[in-house]
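Numbers here are sequence positions counted from 1.
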Amino acid sequence: MPRVAVATDSAASLPAGAAEAFGVHVVPLQVIIDDVATAEGEGAGPQAVTTALVYGKKVTTSQPGPERLRAAVFAAESERADHLVFVCLSRKVSGTYGAMEAVAREASIPVTIVDSATVGFALGLAALSAASVARGGGTPEQVAYEAQRVSLSSLSLFTVDTLDYLKRGGRVSPAVAAIGNALGVRPLLGLVEGEVKPVERVRTTAKARAAVVSKVMEAAGLMSLPLVGVMTVSGDDELADAT
């Protein structure tokens, strides 16, 4: 039976030590601040990105470079795996899937790429669950299926205090951002079929956060073994406390 290794990208936002504990190799995305690219987590952590945004710097992200993706294949080989399952963030919001496809064509071991159609902790949980199946001796097909199963069962929602950053990233038009900010609209956003789309619109930050909690708890109530992950901007624990 082949030994299967599991890798994901840093959009998985896995807690410190979780990837190592499950044996998941994490490929860093590129964070670009004022045209200077840095690997995520290597000098461009969440706090650095938040600070850059607050001070009006241009912040974008990009897919991992081919050398970083090849490193995931080399790591699998060094662990004597003969198959790699790469669980990546939604291909509709990133070119990571396509970049790994190019690397996989030249890899010395087979690589199965799973489009999670999500991002954040939902992606991370899919990778960890896949790694658990791999550790139990699962086949590449079983490991990939588990990643897909978990990602498809997930619900990813978020809200923002201002539409300015979404406007900068091209997620909303300048006109929509101006009207939304003027009226105090706070969109409840989610990953819908792999894309960031508005789920609901409310008038205040407090109501938007309450709507996130309400919808997450409603979804969790329909599951036999729900797991809820909360991600906040550094120093903002209000939503975590509410959950």
Side-chain donor/acceptor of Ser10 to backbone N/O of Leu29, under 3.5 Å: yes
Nearest atoms (heavy-atom pairs only) where Ala21 meets Arg135: O-NH2, 2.6 Å
Connected via hydrophobic side-chain network under 4.5 Å: Val111 and Tyr145: no
Cys88 backbone acceptor or donor facing Ser116 side chain under 3.5 Å: yes
Any Phe158 side-chain heavy atom under 4.5 Å of Leu188 side chain: no
Separation of Leu89 CG from Gln63 CD (nearest 0.5 Å): 10.0 Å
Cluster check Leu155, Val213: I/L/V/M/F/W/Y, side chain < 4.5 angstrom: yes
Donor-acceptor contact below 3.5 Å, side chain Ser78 vs main chain Ala75: yes
Minimum-distance pair of heavy atoms, taken over all atoms of Val27 and Ala72: CG2-CB, 3.7 Å
Beyond-backbone contact of Thr38 with Gln30, side-chain heavy atoms, under 4.5 angstrom: no
Any Thr96 side-chain heavy atom under 4.5 Å of Arg91 side chain: no
More than 12 heavy atoms of other groups within 6.0 Å of Glu195 CD: yes
Residues Val196, Leu191; criterion side-chain contact (heavy atoms from CB on, under 4.5 Å); working and verdict: CA-CA 5 Å; Val196 177; Leu191 268 291; 4.3 Å; yes
Salt bridge (charged side-chain N to carboxylate O under 4.0 Å, His left out) between Lys215 and Glu218, intermediate numbers included: CA-CA 5 Å; Lys215 288 186 178 296; Glu218 180 182 353; 5.5 Å; no
Heavy-atom donor-acceptor pair, Asp82 side chain to Arg3 backbone, under 3.5 Å: yes
Side-chain heavy-atom pair Phe121, Pro15 within 4.5 angstrom cut-off: yes
Thr8 side chain to Val87 backbone, donor-acceptor under 3.5 Å: yes
Test item: Leu189 and Val199 side chains (from C-beta on) under 4.5 Å apart, heavy atoms: no
Test item: Asp9 side-chain N/O and Pro28 main-chain N/O as donor-acceptor pair under 3.5 Å: no
Minimal non-hydrogen separation, Ala99 against Pro64, with atom names: CB-O, 4.5 Å
Heavy-atom pair of closest approach, residues Ala37 and Ile32: CB-CG1, 4.0 Å
Leu152 backbone acceptor or donor facing Ser154 side chain under 3.5 Å: no
Minimal non-hydrogen separation, Val31 against Glu40, with atom names: CG2-CB, 3.9 Å
Connected via hydrophobic side-chain network under 4.5 Å: Val119 and Leu14: yes
Candidates Val85, Thr112, Leu84, Val114 - the one meeting side chain to side chain contact (heavy atoms under 4.5 Å, CB included) with Val143: Val85
Qualifying residues under side-chain contact (heavy atoms from CB on, under 4.5 Å), relative to Phe74, sequence neighbours excluded: Arg70, Glu77
Side-chain heavy atoms of Val228 within contact of Met217, under 4.5 Å: yes
Phe86 side chain reached by Leu69 side chain, heavy atoms, under 4.5 Å: yes
same_hphob_cluster(Val26, Val93) at 4.5 Å side-chain heavy-atom cutoff: yes
Donor-acceptor pairs under 3.5 Å, side chain of residues 123-132 to any protein atom, not counting sequence neighbours: which ones?
residue: Ser129; atom: OG; partner: Leu125; partner atom: O; Å: 3.0
residue: Ser132; atom: OG; partner: Leu128; partner atom: O; Å: 3.2

Nearest heavy atoms of Lys207 and Val202, plus distance in Å: C-CG2, 3.9 Å
Side chain Lys92, main chain Glu193, donor-acceptor under 3.5 Å: yes
Any Val103 side-chain heavy atom under 4.5 Å of Val73 side chain: yes
Ser151 and Thr118 side chains, donor-acceptor separation under 3.5 Å: no
Val150 reachable from Met231 in the ILVMFWY side-chain graph, under 4.5 Å edges: yes
